[in-house]
Amino acid sequence: MRIERVKGTRDFLPDEMRKRRRVESKLREIAERWGYEEISTPTFELAELFTIKSGEAILEEMYEFRDRSGRHLALRPELTAPVIRLYVNELKMSPKPTKVYYFGNCFRYEEPQRARYREFWQFGAEIIGSDRPEAEAEIIALAYSIIKELNIEAELHLGHVGLIREILRGAGVSDAMMSRVMRLIDKGARDELMELMQSMGIDGDALMHIIDLRGEAAIEEARHITAHSESLEHLEQLQQLLEYYGVGYDLNLGIARGLDYYTGMVFEIYESGDKLGAQRQICGGGTYRLAALFGGDDTPSTGFAFGFDRLTEVYCMDENEPKRVIVVPVKNEPEVLQAAIRITSRLRAHFNTYLDVMHRSMSDQLAYANAIHASYAVIVGKRELGEGKVTLRDLETGEQHKITLAECIAHLKREI
RNA sequence: GCCGGAGUGUGGUAGAGGUAUCCCUUGGGACUGUGGAUCCCAAGACCUGGGUUCGAAUCCCAGCUCCGGCCCCA
């Protein structure tokens, strides 16, 4: 009986894995250069960790289960909650701000579609212990820099939930109603939103206006509505800093994020092409306060998470397969094989090197070399051994020379 | 959870009621010191389960999976 792969999961073949590893190492390298350190958390956690953050409804889309002793567990559907839990449990004493990055697989029980899978990978970074504009600017600049270094065409949308909340509060929206209103803004449910505002006896037009406006016009309007706003000042500082960083973005106060723990800026990055179909968002981030929910001090954080799979789908790799060398013993005789293994070992100190393990004839070995797209063959036979040399054959041009192993290695080092 | 479309060797395909075509892939052999060659041998598929029929890859139903979309999200 044939066992099928589970719905919404993927196998990765060598070509794809090479690409994924390449993107992964770039992400790591960039984060390290910005001074972030890697952390890693378990693949499963107490289900509570996620319901506290996102509400009971998330149970519907999690892989959740009971273990043998009755613990209610879940495969992690995202990494922010585990990272903040880790911080509360292990990193509270670290100097602030604490800068970490992470990379790991997540699981969600949802209908798979283009660029959406049941097992997917996230790469993210967090600054824990600051919600200053400087920290927010750095996080946005880091995400922006990742996009730039990967050569991805994308647009960055920036909003500020703190400001929106202040405006709503100023207009008379009660704290009790706040999350409902925010959720509607997030969904872009205009009619519902207007209805709700009306039912509270609030004029929704001004709010709509602000949500719809883009760029400087939105700021102007906000200045108009709120006499003195801390959030507005904060946002303006952030904009100034982003300018210093050279980050390009669209201001869009309609980005809300329905969840209550977001407090400051929020941003999203969308791929500009149409390689991702309906799933264009490749990154989401913002400033939030989660630590207190998990039993820590009320520590602000700011961070982002990239959809790693989407990133790799959009990333164009400029290089091909690695260059391979194949050592070809001419005959399956002890002294030839001995020499071939010795030579292979020497070559493996430097190059991706193959040696026959099928007891094949020379011509079959060369046919195999061709099938795996090897670039060079090092032919070892009695004639070569007698002279203390090997034959190096360039499999692309067909040229070959009888040279010493040292010369061969030197030559390959120049070419590969 | 919902709405479309699709499932034939690893992959690409032909087949519209009579047990599967071609490309191909893999292994072996011929050859025995030079490779995308040739020849020979072998192996490799109708998504699953029901139904209709003398007979189903083909028609019908259900399920599963994939692709795309809605909701939501990364």
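These numbers come from a predicted model, not from an experiment. Reminder, nothing fancy here: chain letters follow the sequence lines and each chain counts from 1. Just so it is clear, the values below take in all heavy atoms, side chains as well, and ignore hydrogens, waters and symmetry mates.
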Between [N] and [M], how far apart are the two [atom1] atoms, rounded to whole Å?
N	M	atom1	answer
B:rU13	B:rG51	C1'	30 Å
B:rA16	B:rG5	P	23 Å
B:rC22	B:rG63	C1'	33 Å
B:rU21	B:rA30	P	29 Å
B:rC23	B:rG29	P	24 Å

Using a cut-off of 4.0 Å on non-hydrogen atoms, how would the nucleic acid contact of [X] be classed: base, sugar-phosphate, or nothing?
X	value
A:Glu60	nothing
A:Ala369	nothing
A:Gln122	sugar-phosphate
A:Gly124	nothing

Atom [atom1] of [X] and atom [atom2] of [N]: how far apart are they, to the nearest Å?
X	N	atom1	atom2	value
A:Phe107	B:rA74	CZ	P	17 Å
A:Glu16	B:rU10	CD	C1'	16 Å
A:Glu313	B:rA74	CD	P	17 Å
A:Tyr270	B:rC73	OH	C1'	10 Å
A:Tyr262	B:rC73	OH	C1'	11 Å

*According to the 5.5 Å centroid and 30° plane-angle thresholds, does A:Phe306 stack upon the nucleobase of B:rA74?*
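Stacking between A:Phe306 and B:rA74: absent.
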
*asked:* Aromatic contact between A:His401 and A:His411, with the criterion being ring centroids under 6.0 Å apart: yes or no?
replied: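 Aromatic pair excluded; centres sit 6.0 Å or further apart.
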
*When the aromatic ring centroids of A:Phe306 and A:Phe304 are compared, is their separation below 6.0 Å?*
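Centroid distance A:Phe306-A:Phe304: below 6.0 Å, so yes.
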
*List the steps and the verdict of side chain to side chain contact (heavy atoms under 4.5 Å, CB included) for A:Leu27 and A:Val23.*
CA-CA 6 Å; A:Leu27 293 173; A:Val23 173; 4.0 Å; yes

_Side-chain N or O of A:Arg116 versus OP1/OP2 of B:rG69: is the shortest distance under 4.0 Å?_
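So the side-chain polar atoms of A:Arg116 never come under 4.0 Å of the phosphate oxygens OP1 or OP2 of B:rG69.
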
*Evaluate the ring planes of A:Tyr261 and A:Tyr288, with Trp represented by its six-membered ring, and classify them as parallel (under 30°), tilted (30 to 60°) or perpendicular (over 60°).*
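It falls in the perpendicular class, over 60°.
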
_A:Arg360 versus A:Asn332, side-chain donor and acceptor atoms under 3.5 Å_ =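 Side-chain D/A pair, A:Asn332 to A:Arg360: absent.
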
_Please pick, from B:rC73, B:rC70, B:rG33, the nucleotide with the shortest atom-to-atom distance to any side-chain atom of A:Arg310._
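Among the listed nucleotides, the one closest to the side chain of A:Arg310 is B:rC73.
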
